[in-house]
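No hydrogens, no waters, no symmetry mates; every other heavy atom, side chains included, goes into these values. Below, chains carry the letters A, B, ... as their sequence lines are ordered, and counting in each starts from 1.
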Amino acid sequence: MKPARFDYARPETLDAALAALAEHGPEAAVLAGGQSLMPMLNLRMARPGLLLDINRIPGLDGISLEAGLLVIGARARHADVLASPLVRQAAPMLTEALHHVAHPAIRNRGTIGGSISLADPAAEMPACMVALGATLVAASARGERRIAAEAFFRGVYATALEPDELLLRAEIPAIASGWTHGFSEVSRRHGDYAMAGLALALRREGARVTKARIALCGIEPAPRRQHAAEAALVESGAEAACVALSAPDAMEGAEVTAAHRLHLARVLLRRALAN
Amino acid sequence: MNETLPDDGWIGRSLPRAATRRLVEGRGRYLDDHAAKGELHAAFLRSPFPHAAFRISDREAARTLPGVRAVLTAEDLVPACRSWRTQSLAFAGLVSPVQGPLARERAVYQGEPVALVLAASRAIAEDALELIGIDWDELPAATDPVAALEPDAPAVHQGLPSNLAWRTEFGGGDVEAAFARAALVVEDRLVFTRHTGVPLESRGALASYDPAAEALEVRLSHQIPHQMQVHLAELLDLPMGRVRVIAGDVGGGFGIKMHVYPDEVAICAASRLLRRPVRWVSDRIEALMADIHAREHVMRARMAVDAEGRILAFDVDDIQGLGAYSVYPRSSTVEAISALRTVGAPYRFDAYRARLRSVLQNKVPTGQYRSVGHPIGCATTERLVDLAAAARGEDPLEFRRRNLLREAELPWTNPAGGRMAELSHTATLAEFERLLDLPSLRAEIAAMRAQGRLVGLGFAAVVEYTASGPGAYGPAGIPVSAVDTVVVQLEPGGDVIARASVAEIGQGIQQGIVQVVADAVGVSPSRITIHTGDTGNAPHGGGAWASRGAGIGGEAAWGAGRKLRAEILGAAASLLQTTPEALDLRDGQVVDATGTPRLALADLAATVFFRGHELPGGLQPQFTATHQFRREEDVFLTTNGLQASLVEVDPDTGLVTPLRHWVVGDCGRRLNPLLVDEQVRGGVVQGIGEALLEACRYDPGNGQLLTGTLADYLLPMADNAPDITVGHVETPYSGSALGAKGAGEAGTCGAPAAVLCAVNDALAARGAAVTEMPITPAVVLRALGTLP
Amino acid sequence: MDHPDEPTAEIALTLNGEPIRARVPLRQNLVDWLRHGQGLTGSHVGCEHGVCGACHVQVDGRVVRGCLMLAVQADGARVETIEGATETGRIRALQDAFFNRAALQCGFCTPGMLLQAAELLATNPAPTRTEIREALSGNYCRCTGYHAIVDAVEAAAAVLRA
């Protein structure tokens, strides 16, 4: 269970990294936290010609909150984002969700950008980015590009990133007054990938929900806004929202069927709205 | 014949294990921590298919990769190693084809080794595996044990008339009559999914064949080095004296490391062929596909009960998934026999019938795994018992109380053929009720239920067959040692060295043996050093299986220690001009009847070893003593216990959370209660894993293993294991000096049954029940009708 | 992996307090290099896919999976293994508690478990049993059933608070 051979580069600057990606893009794999890539390498399921280690590039791991915008550098470690008071203040959904991401040692090394770029359908961060309306900023030698999270996730391990692009940061509108955030999931064991997960942002007036943003993980190949359920929630309430959750592309599995996943999503939404 | 032990002795004390001081500092020496000069690293090419014909068309590309020394196939190993076939006089007619270290022409399970690369590093060896040209012709595979019995099922092996490896029927009493007169008959069908042991240190071998000496020295991560010495000598056609097997620190066994696997044999053969040391350490992917699996059973069972609520009879039918071969040398069928012999074991009943069909499959062999078969028999029994209690509208513990064997009825050979002796169900039940504090527990449960929580309490009564004697494998014609040997020697400084045939795999038997020797000789444990696990150093004996170390190894240690003590006191008496009877040996001091020190053991030893000219004529002290213990009575030592599990079922998600667990056991005399408790706790969590999480799943279509990583094969982790309360009743075995029986597997024996019963107690409120393990969320949601 | 064809790189790091330089195969992970390149066999390899926690080591003050980091990535880092942590005495209370409470059996998981527990106690000196279980939820132990481990971490925390 040892990796196949690869070349290794550890650029000291972003420009050097982008130049390497421009040259080697399709054969290169970006090594950030490595918590998903390294197992794939060890299993020889990933066989990049070049490992591009971005851990030396300055400025990729910042967390800031300015003018109502929370900016999380792509290489910010899960543990740092989890512990960040800025994140807790501006996007409590992320703080809640990160409790579900793997285990302490993994979170010490794993990065937000890695989770987003990998786009594992069961992972928490992509669904959160969609529900939070994040903008994902990528760079290549050709320049910077801003991609709405809703347009970023394309399928199982598939994103809008081009082979020569590197994710730089996520820009997240800070939670506005009257809004609440929630994240919950069902997994067999704590820290496992979710059988179903729910990222939820709500605006309430009194007991009534006036706006909602809902995204799921672990259900379909890519997270997306559950617009019908959001509308049903505002118009008709919790039960209608649960019914309106949909997963036409829900993944079938040996242990967990598509119907099972959708059932769990509805359970999560029902519970979240009952709180 | 129990010895009277000193009140202030070491036996029975909860001492920490001396050896773990090394382990907490990272100074353990496990297999992969050793290296041999000039070693080659091995990697196996394994069948990616459950069943396929193959032809190796090109190994030149692999062979010529820089760093690669050899690419070996089955034919290459023929001069270095024999093939084998599992046979047992106990299982007449058992069908298990000839097996070799590498498959030849046809692979019959996924993960079966078909070629072997030897290279400068494991990484290069793995590079070379990808360069081997091999033409696979995938064949239909039989994986489901029930379907594999159908006449049109694919043949697991070419040329066999069917996939039935063995069938038997046994029992006693008049089953038909018992069911005819029953006031109540309960029945169910229980499905147990394969799982596996997953010791954290995987298997491995570091083999060094010396062609000049024609001798093999091999380090293994194994539970029974002496057994491997026997079989490696047999398979490599070497005298046993020229095979040395060394198991150093072993990172867990659980039965996984008590078998002869093709892999280790191939590594030894390769070392012989290449005349160089060869190292192989199984990676986790190899381990999950090629370590033995266990406990694939479909049990149909019914139980007859009379109008007074007394059990009359059991009638069970077991279809056991065996895998592609019956595991060598003990045979996988032992698991099913063990399961069927355990049905009903805690209870009084009149009649029994068991039918077994052991079925070949295109899967890795199943085999003996912690508490072999017992959890299957126990869960089957306890499910029926709960059904009967429910049908009668009575408390499940009251039904058990009525039917548990009473001490006055013992010894008794039950209709399943199990000899029940020296059990303490009544006392254990009393202690169990005290420990659980049932009235307040029931109130707690009622309060939780009043909040709408779906909680359940489940019980399991347990009888386990432990510490197998010579009658277990001897009559089967299988060379399995049921004796243990201990050698103790006094060193010149007054220290004692013990060498024992038991094997340390983390259970702490070294500590137990040291405490026995300490009392037997009369020295402090801190002055005793113990060696196990090396056939070049430790005398022949049984190793670690069947919870045998205390009950068998402990006896050998006691005997050897008493002999050494007698020699010491004899020599001391001669020097002190008194009689041995007037002296005692306490904490390394020879003392007189008043307890006054007369001679330090260190001085005595120095005199004997270094100043022999001072000794009186005719005094020839023997400061090395040995004792070999073979139990003549009782093929097994039966132990008993009760377990309870409190679980919460989330009816929406189907998740089951174990909240608390209780165990009261009677394992006879406990050499070290602390270590016994932790054996029990660890065993319970392994059983909870069995009940709720662990499954080796195969694609029903193509037979591919679906649980090939630890992300898919779910083990209990710290936050899904409950706190476990442990209590004891001690009924020392009367047939030995120390009275110890087995404790190491008791937790695993009953925990799955207790959890199953607890889940069903919870689900009863919804009119639902589960009959499949592991009890996954999907199983629960199907039972509740939430999922189709 | 000492084959002339194997691509390597030079690294310099602080290992258990000592500055060292070494040439490492590019594809070798940190724990394999520590074990086989440096003879520090106290960190163990249990799964090589980041699930079991037996390979835990501390890098720049944080516990990480040694199988999910390349040795070459340790260039410039401060790496501490169970051997180093033992030498400094910083995990002594935990080691004593594990020893006394029989919170280990085969011991294969123990070094990784101890380092993770030490990280917990460094940030939370009085964890609840639930918090201990959560913090250790990425460290697999097949032997103990975890109960004694939780007891031992509680006991060590009490000693350290006293």
Side-chain angles (χ1 to χ4, degrees), chain A residues 1-6 35-36 38-45 47 99-106 120 122-123 184-198 218-219 242 250 252-274, chain B residues 41 43 65 119 121-127 129-130 193 202 281-287 650-657 689 692-695 697-701 704-721 774 776-782 784 786-788:
Chain A
M1 210 178 155
K2 307 299 177 192
R5 282 184 192 172
F6 45 75
Q35 303 302 287
S36 297
M38 284 288 297
M40 309 276 267
L41 291 172
N42 291 348
L43 289 159
R44 299 196 177 205
M45 289 163 68
R47 315 181 61 116
H99 281 291
H100 296 277
V101 175
H103 307 284
I106 300 272
D120 187 308
S184 54
E185 71 174 42
V186 180
S187 60
R188 293 286 300 280
R189 303 174 303 178
H190 176 88
D192 285 352
Y193 277 120
M195 298 159 77
L198 169 72
I219 312 283
C242 292
E252 285 288 351
E255 183 64 25
V256 191
T257 62
H260 189 167
R261 290 179 200 278
L262 186 57
H263 163 75
L264 293 177
R266 289 183 168 137
V267 167
L268 288 170
L269 184 58
R270 191 170 292 121
R271 287 182 175 179
L273 294 173
Chain B
H41 296 256
L65 184 74
S121 73
R122 171 75 183 220
I124 293 172
E126 289 186 21
D127 294 344
L129 292 182
E130 299 179 342
T193 309
S202 53
V281 177
S282 166
D283 66 32
R284 189 56 60 190
I285 306 307
E286 294 181 279
D650 180 335
D652 297 329
T653 64
L655 286 167
V656 176
T657 305
L692 298 177
L693 294 169
E694 297 178 44
R697 298 209 188 270
Y698 290 81
D699 186 304
Q704 287 279 322
L705 180 68
L706 299 170
T707 49
T709 74
L710 285 187
D712 312 300
Y713 187 88
L714 304 184
L715 293 155
M717 303 300 281
D719 62 345
N720 43 35
T776 63
V779 167
V780 171
L781 292 177
R782 283 198 300 267
L784 288 167
T786 308
L787 291 178

**Message:** Please report the interatomic distance CD(A:Glu255) to OG1(B:Thr776), rounded to the nearest 0.5 Å.
**Reply:** 4.5 Å

**Message:** Does any backbone or side-chain atom of A:Arg270 lie under 4.5 Å from a heavy atom of chain B? Answer side chain, backbone, both or neither.
**Reply:** neither

**Item:** Proximal component of B:Asp127, with respect to chain A [non-hydrogen, under 4.5 Å]
**Value:** both

**Complete:** Taken to the nearest 0.5 Å, the spacing of B:Thr709 OG1 from B:Arg284 CZ works out to 11.0 Å

**Prompt:** Is a donor on one side and an acceptor on the other found under 3.5 Å between the side chain of A:Glu252 and the backbone of A:Ala258?
**Reply:** yes

**Asked** What is the distance from atom CG of A:Asn42 to atom CD1 of B:Ile285, rounded to the nearest 0.5 Å?
**Response** 9.5 Å

**Prompt:** Given a strict heavy-atom distance threshold of 4.5 Å, which part of B:Leu714 is in contact with chain A: side chain, backbone, both, or neither?
**Reply:** both

**Prompt:** In terms of heavy-atom proximity below 4.5 Å to chain A, should B:Asp652 be classed as side chain, backbone, both, or neither?
**Reply:** both

**Fill in**
When rounded to the nearest 0.5 Å, the distance separating CZ of A:Arg189 from CG of B:Asp719 is 9.0 Å

**chain B contact via A:Arg266 - which portion, at a heavy-atom distance below 4.5 Å** = neither

**Asked** Between B:Leu692 and chain A, which part of the residue has a heavy atom less than 4.5 Å away: side chain, backbone, both or neither?
**Response** backbone

**Fill in**
Counting heavy-atom pairs under 4.5 angstrom with chain B, the leader among A:Leu268, A:Val256, A:Val267, A:Asp192 is A:Val267

**Message:** For a quick check under 3.5 Å, do B:Glu286 and B:Ser202 share a side-chain donor-acceptor pair by atom type?
**Reply:** no

**Prompt:** Quick one: OG1 on B:Thr657 to CG on B:Asn720, what's the gap to the nearest 0.5 Å?
**Reply:** 8.5 Å

**Contacting region of B:Asp712 [heavy-atom separation from chain A under 4.5 Å]** = neither

**Asked** So what's closer than 4.5 Å to chain B heavy atoms on A:His260: side chain, backbone, both or neither?
**Response** both

**Prompt:** Most heavy-atom pairs under 4.5 angstrom with chain B, which of A:Arg44, A:His263, A:Arg5, A:Met195?
**Reply:** A:Arg44

